[in-house]
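Reviewing the structure listed below.
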Amino acid sequence: SWAASVDPDSDAVSYEVERQYNSGAWSKIYNGAATQFSDTITTAMNTVAYRVRAKDSKAAYSAYTTSPTRTVTRSSTRSTTGTPETRSPS
């Protein structure tokens, strides 16, 4: 989850979340209005990082806020948590 962004012009805000695993390229995994997202971690993932940015209805984007890279711990339940924050689109 992440903190909700407030647009200075009161435009509607949505969020884009991207994931990087094993130090590879960033991939978009979520686009929507919710301030939380659940991810599925696969056995190919040894490390993961996430970044989120806000986007307003005029396609103005905030800067990315990036989580620390996390090591995936193998167990019967595979998950990771993080709480990046967002800033208002500029």
Side-chain angles (χ1 to χ4, degrees):
S1 66
W2 51 90
S5 181
V6 178
D7 184 78
D9 301 321
S10 300
D11 295 329
V13 175
S14 62
Y15 304 93
E16 292 183 355
V17 177
E18 296 182 347
R19 175 184 61 216
Q20 178 189 53
Y21 70 91
N22 302 345
S23 300
W26 290 97
S27 300
K28 188 183 305 185
I29 58 172
Y30 175 76
N31 185 24
T35 57
Q36 62 183 15
F37 174 79
S38 294
D39 191 19
T40 300
I41 304 299
T42 68
T43 57
M45 298 175 182
N46 297 310
T47 61
V48 294
Y50 298 89
R51 64 185 186 181
V52 61
R53 67 180 176 173
K55 174 184 170 185
D56 72 11
S57 58
K58 295 176 185 162
Y61 289 88
S62 70
Y64 282 106
T65 299
T66 305
S67 75
T69 298
R70 308 213 186 247
T71 300
V72 176
T73 303
R74 305 285 181 232
S75 67
S76 59
T77 304
R78 295 183 180 97
S79 65
T80 187
T81 58
T83 56
E85 298 175 9
T86 60
R87 296 186 183 132
S88 298
S90 52

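Here the side chain of Asn46 pairs no donor or acceptor atom with the backbone of Asn22 at under 3.5 angstrom. At least one donor-acceptor pair under 3.5 Å links the side chain of Ser67 to the backbone N or O of Tyr50. The backbone N or O of Ala54 sits less than 3.5 Å from a side-chain atom of Ser62, completing a donor-acceptor pair.
Residues Ser23 and Thr47 come closest through the heavy atom pair N-OG1, 4.0 Å. Considering all non-hydrogen atoms of both residues, Met45 and Val48 come closest at SD-CG1, 4.0 Å. The two residues Ser57 and Asp11 make their nearest non-hydrogen contact at OG-CB, 3.4 Å.
A distance of 5.5 Å separates NZ in Lys55 from CD in Glu16, rounded to the nearest 0.5 Å. Taking CG of Asp9 as the reference point, atom NZ of Lys58 lies at 5.0 Å (rounded to 0.5 Å). The OH atom of Tyr30 sits 8.0 Å away from the OG atom of Ser14 when rounded to the nearest 0.5 Å. To the nearest 0.5 angstrom, Thr40 atom OG1 is 8.0 Å from Arg19 atom CZ.
Asn31 pairs by the side chain to side chain donor-acceptor pair (under 3.5 Å) definition with nothing, not counting sequence neighbours. By the ring-ring contact (aromatic ring centres under 6.0 Å, His included) test, Tyr21 pairs with no residue at all, sequence neighbours left out. Glu18 pairs by the salt bridge (charged side-chain N to carboxylate O under 4.0 Å, His left out) definition with Arg51, not counting sequence neighbours.
When side chains are defined from C-beta on, Phe37 counts as touching Ile29, because their heavy atoms get closer than 4.5 Å.
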